[in-house]
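Here is the structure we will look at, set down as structure tokens.
Protein chains get the first letters and strands the later ones, always in sequence-line order, with residue 1 at the start of each. The shown structure was predicted, so the numbers you read here are calculated from the model rather than taken from an experiment.
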Amino acid sequence: MALRFKNSFSRVKEDFVPIEDGKVKIYTCGPTVYNFQHIGNFRTFMWGDILRRYLKYKKYDVTYVMNITDIDDKIIRDSQAQKKSRKEFIQTYVDAFLEDLDSLGFLKPDVQPYATDHIDGMVEMIQKLVERGFAYEIGGNYYYKISAFKDYGKLANLDMDGLKVGARVSADEYEKDSASDFALWKAYQETDGDIFWDTPIGKGRPGWHIECSVMSQKYLGNHFDIHTGGVDLMFPHHENEIAQSEGCTGSKSVNYWLHGEHLIVEGKKMSKSVGNFFTLRDIIEKGYAGVVVRYLLSSTYYRQQLNFTFQGLDAARSSLERYNDFITNLESYAGGESDNSAAEFIAKTKKGFEDALDDDLNVSGALGVVFDFIRDINRLKAENKLSADERDNALTAMLSFDSVLNFRYHISSDDSDSSEIESLIQQRADAKKNKDFALADKIRADLLEQGIILEDSRDGTKWKKKV
RNA sequence: GGCGCCAUGGCCAAGUGGUAAGGCAAGAGUCUGCAACACUUUUAUUCUCCAGUUCGAAUCUGGAUGGCGCCUCCA
């Protein structure tokens, strides 16, 4: 099967054909750094990571850009409330975000541009849009004239003529030709304090949407392959991005628009007032490793709502242990007689894995195939029908699947307490030899208390950390 | 009001016209000093409901019910 994606623009699955053979350019709308990112944010970034890893698995040369929005109304409001400079304020959340990406096992974006480093580019684009008749200025504010862009509303399937002018629109503090026109540049106001830029188009700050047009163009060119984000960004953000980019160049900007559904918690929209709002940090504090969250967030098809529950998180942890135990146990398996069935299992799994992911990133389907594989190989192992060569081939296959999933977790060998654990395991082995099972069980229970799980096998006792 | 998504076993979830993957949980067994790991095995004549199309429907059509989202803050 050929790789295909459901394109939000056409609303159907389309075969993926890159603009440049063998290369894929992807832009993802990154976080606005006014707070710690919540698990819903990470759900969106997560399938972006899977997408990117799978394209690499398919031998594409991938360029992945994820921006950081470091200027917006909330950043101004909250940094002032905390009496911090904008830079100082955002740094906390940028650092936290990068740490979070790391604990969730993300590949680092190839380019991670900051909005405020691209003010010049934004000014140039706004000037160009004015020249081309897509933008106008009123009292130092610049607006995009959506009536000038004939395809406006096409991505979100909105009929702009039929839009009601609601309370939020009329409450806008700036004057505009049309209520639906959106801000490209906001003139300086006293309440902005020291947050402003002096530019050829005046003193002020950029609107939200212009940054993504400028940064995607700068790092990926006027025309690139894939743009991702959450469904809520489809309108107005991505609609506006298209209007800006294409108004500026006069040609198509993005081939495939991918939008992920939201995460809900215990069946309800996540909100602070309901008390079901979680940052990644909240979850980790409850004792779950990042990789457990990764498993849960990535295991559901991205265009389907994901219902986050702690029961689900516990199930994810158990699944993940099976996945990792499989790899660990296979690595230490000495190898036996072959019955020549392993090659077939490997080929079948590889095909099933790729067919599933080729079909618009069906991770659930791919996981089903991988768990079939785990059972098939474990059975061969149990019956001693897997040779050392077959073991190596199975491991290679599994690790190639894991280059996409990244569910493998490692026990650090330089762990400071690992020698202590080894010595306790030795004490337990001695106790077992002396039939002092009470002591042996106590050692095992004590270690479990510290999050260390012991597993006895013919080849001795292994230990692993609880995730 | 307009646009759109979803409903599959106790929980999660794939399958989109050919007779219900997979994971978790639970029960039974093998292994084990006991566990854990692993293996074997049991658990949906049935896919929210009602009609229809078809030789055949979880899958297509119409309707109903329930849940969710977007319609200028939002992943």
Side-chain angles (χ1 to χ4, degrees), chain A residues 8 11 28-32 37-48 72-74 146 153 156-160 162-166 168-169 171-172 179-183 208-209 228-237 239-240 259-264 267-270 295-296 299-301 303-309 311-323 325-326 328-329 352 356 359 362-375 377-383 432 435-438 440-441 444-445 448 453-458 461-464:
Chain A
S8 304
R11 280 165 271 277
T28 292
C29 290
T32 301
Q37 299 297 296
H38 58 68
I39 51 177
N41 297 116
F42 286 115
R43 198 263 165 122
T44 298
F45 300 138
M46 185 59 75
W47 59 262
D72 90 319
D73 291 353
K74 289 188 191 114
I146 64 161
N157 196 26
L158 291 177
D159 176 9
M160 297 314 290
L163 275 191
K164 289 185 292 189
V165 177
R168 289 203 304 219
V169 176
D172 198 295
S180 307
D181 288 351
F182 62 90
W208 171 34
H209 316 292
T228 72
V231 276
D232 54 310
L233 291 189
M234 195 147 80
F235 191 88
H237 185 58
E239 197 71 67
N240 292 351
H259 290 101
E261 257 300 341
H262 277 177
L263 172 151
I264 55 177
K268 292 198 174 120
K269 184 174 176 172
M270 185 161 57
Y295 185 97
L296 184 62
S299 58
T300 300
Y301 177 51
R303 281 185 182 270
Q304 183 165 321
Q305 278 184 349
L306 174 90
N307 186 18
F308 181 94
T309 62
Q311 189 184 9
L313 205 53
D314 289 333
R317 169 145 66 195
S318 299
S319 304
L320 199 59
E321 278 182 43
R322 177 167 167 80
Y323 180 102
D325 285 348
F326 171 68
T328 310
N329 293 339
D359 188 16
N362 179 356
V363 178
S364 320
L367 279 178
V369 171
V370 168
F371 278 102
D372 276 339
F373 180 65
I374 289 174
R375 191 200 53 237
I377 297 298
N378 271 338
R379 183 189 296 132
L380 290 180
K381 240 171 74 198
E383 295 169 356
K432 279 169 69 175
K435 305 267 185 225
D436 186 356
F437 296 121
D441 289 351
R444 185 172 64 198
L448 185 61
I453 299 165
L454 297 190
E455 282 174 15
D456 292 337
S457 75
R458 282 183 214 125
T461 300
K462 281 186 291 206
W463 63 275
K464 65 180 182 184

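- Between the A:D181 side chain and the A:I146 main chain, a donor and an acceptor come within less than 3.5 Å of each other.
- Among the nucleotides B:A38, B:A36, B:A75, the one closest to any side-chain atom of A:E455 is B:A36.
- With rounding to the nearest 0.5 angstrom, the OG atom of A:S299 is 6.5 Å from the CG atom of A:L306.
- Using a 4.5 Å heavy-atom threshold, the side chains of A:I39 and A:L263 count as touching.
- Evaluation of atom-type donor-acceptor distances gives no pair under 3.5 Å for the side chain of A:D456 against the base of B:C31.
- Using a 4.0 Å heavy-atom cutoff across all strands shown, A:K74 reaches at least one base atom of the nucleic acid.
- For the pair A:K464 NZ and B:A38 C1', the computed distance is 11 Å after rounding to whole Å.
- For B:A14, the OP1/OP2 oxygens have no side-chain nitrogen or oxygen of A:N362 closer than 4.0 Å.
- Remark: side-chain polar atoms of A:D359 are not paired, donor with acceptor, to backbone N or O of A:N362 under 3.5 angstrom.
- Between A:F371 and B:G22, no base-stacking contact is recorded for ring centres under 5.5 Å apart and planes less than 30° from parallel.
- When rounded to the nearest whole Å, the span between CG of A:N378 and C1' of B:U30 equals 15 Å.
- Here the P atom of nucleotide B:C11 and the CG atom of A:L306 are 16 Å apart, to the nearest Å.
- Looking at A:R43 and A:H38, their side chains never come closer than 4.5 Å, going by heavy atoms from C-beta outward.
- Contacts of A:V231 classified as side chain to side chain contact (heavy atoms under 4.5 Å, CB included), with partners at least two apart in sequence or in another chain: A:H259, A:E261, A:H262.
- Between the side chain of A:N329 and the main chain of A:D325, a donor-acceptor pair closer than 3.5 Å is present.
- Contact annotation for A:H259: no contact, since no heavy-atom pair falls under 4.0 Å across all strands.
- Spacing of P atoms, B:G17 relative to B:C6, comes out at 15 Å, to the nearest Å.
- Side chain of A:N307, nearest nucleotide from B:G4, B:C34, B:C12: B:C12.
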At a cut-off of 3.5 Å, list every protein nitrogen or oxygen paired with a nitrogen or oxygen from nucleotides 68-70 of chain B, distance to 0.1 Å.
from	atom 1	to	atom 2	distance (Å)
B:C68	O2'	A:Q305	OE1	3.4
B:C68	O2'	A:Q305	NE2	2.1
B:C70	OP1	A:K269	NZ	3.4

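- Between A:N329 and the phosphate of B:A38, there is no side-chain N or O to OP1/OP2 separation shorter than 4.0 Å.
- Across B:G4 and B:U61, the matching P atoms stand 14 Å from one another, rounded to whole Å.
- Atoms CG (A:D325) and C1' (B:A35) sit 14 Å apart, rounded to a whole Å.
- Spacing between atom CD1 of A:I374 and atom C1' of B:C37 amounts to 13 Å, rounded to whole angstrom units.
- The distance from the CZ atom of A:F326 to the OH atom of A:Y323 is 9.5 Å, given to the nearest 0.5 Å.
- Nucleic acid contact class of A:S457 (heavy atoms, under 4.0 Å, all strands): none.
- Partners of A:R303 under the side chain to side chain donor-acceptor pair (under 3.5 Å) rule, at least two apart in sequence or in another chain, are A:S8.
- Within the nucleic acid shown, A:D441 comes within 4.0 Å of at least one base atom, counting heavy atoms only.
- Contacts of A:L296 classified as side chain to side chain contact (heavy atoms under 4.5 Å, CB included), with partners at least two apart in sequence or in another chain: A:F308, A:L313, A:A316.
- In this structure, A:D72 has no side chain to side chain donor-acceptor pair (under 3.5 Å) partners at least two apart in sequence or on a different chain.
- Every side chain to side chain contact (heavy atoms under 4.5 Å, CB included) that A:T228 has, sequence neighbours left out, goes to A:I26, A:T28, A:W47, A:L51, A:I226, A:L258.
- Comparing B:G18 with B:C11, their P atoms are spaced 28 Å from each other, to the whole Å.
- Residues A:W463 and A:E455 form no side-chain contact, since every pair of their non-hydrogen atoms from C-beta on lies 4.5 Å or further apart.
- A:I377 has its CD1 atom 17 Å from the C1' atom of B:C37, to the nearest Å.
- Here CD of A:E383 is found 12.5 Å from NZ of A:K381. Values are rounded to the nearest 0.5 Å.
- Nucleotides B:U16 and B:U59 place their P atoms 12 Å apart, quoted to the nearest Å.
- Partners of A:Q304 according to the side chain to side chain donor-acceptor pair (under 3.5 Å) rule, which considers only residues two or more places apart in sequence or in another chain, do not exist here.
- Along RNA chain B, the nucleotide closest to A:K432 and the one closest to A:R11 are compared, and the more 5′ of them pairs with A:R11.
- Contacts with RNA chain B (heavy atom under 4.0 Å) in residues 313-323 of chain A: A:A315, A:S318, A:S319, A:R322, listed by number.
- Of the residues near RNA chain B, A:Y301 and A:L233, the one whose nearest nucleotide (by heavy atom distance) lies more toward the 5' end is A:Y301.
- B:U65 sits 30 Å from B:A25 when the C1' atoms are compared, rounded to a whole Å.
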Atom pairs under 3.5 Å: protein N/O with N/O of nucleotides 18-21 of chain B:
none

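- Heavy atoms of A:G40 sit under 4.0 angstrom from at least one base atom.
- Among the duplex regions that RNA chain B forms, those built from at least three successive Watson-Crick or G-U pairs under 3.5 Å are B:1-7 with B:65-71, B:10-12 with B:22-24, B:26-30 with B:38-42, B:48-52 with B:60-64, ordered by first number.
- A:H237 pairs by the ring pair (Phe, Tyr, Trp, His ring centres under 6.0 Å) definition with A:W208, A:H209, not counting sequence neighbours.
- For A:F437 and B:A35, the CZ to P distance is 12 Å, given to the nearest whole Å.
- Taking 3.5 Å as the limit, the base of B:C34 and the side chain of A:R444 contain a donor-acceptor pair of atoms between them.
- Between the P atoms of B:C12 and B:A7, the separation comes to 13 Å (whole Å).
- Within the 4.0 angstrom heavy-atom criterion, only backbone atoms of the sugar-phosphate kind lie near A:Q304; the bases stay farther away.
- One atom, CG of A:N41, and another, C1' of B:C73, lie 13 Å apart when rounded to the nearest Å.
- A:K432 pairs by the side chain to side chain donor-acceptor pair (under 3.5 Å) definition with A:D456, not counting sequence neighbours.
- With P as the reference atom, B:C39 and B:C60 are 36 Å apart, rounded to whole Å.
- Within 4.0 Å of A:L263, counting heavy atoms only, lies at least one base atom of the nucleic acid.
- Straight-line distance between the P atoms of B:G1 and B:A13: roughly 30 Å, to the nearest whole Å.
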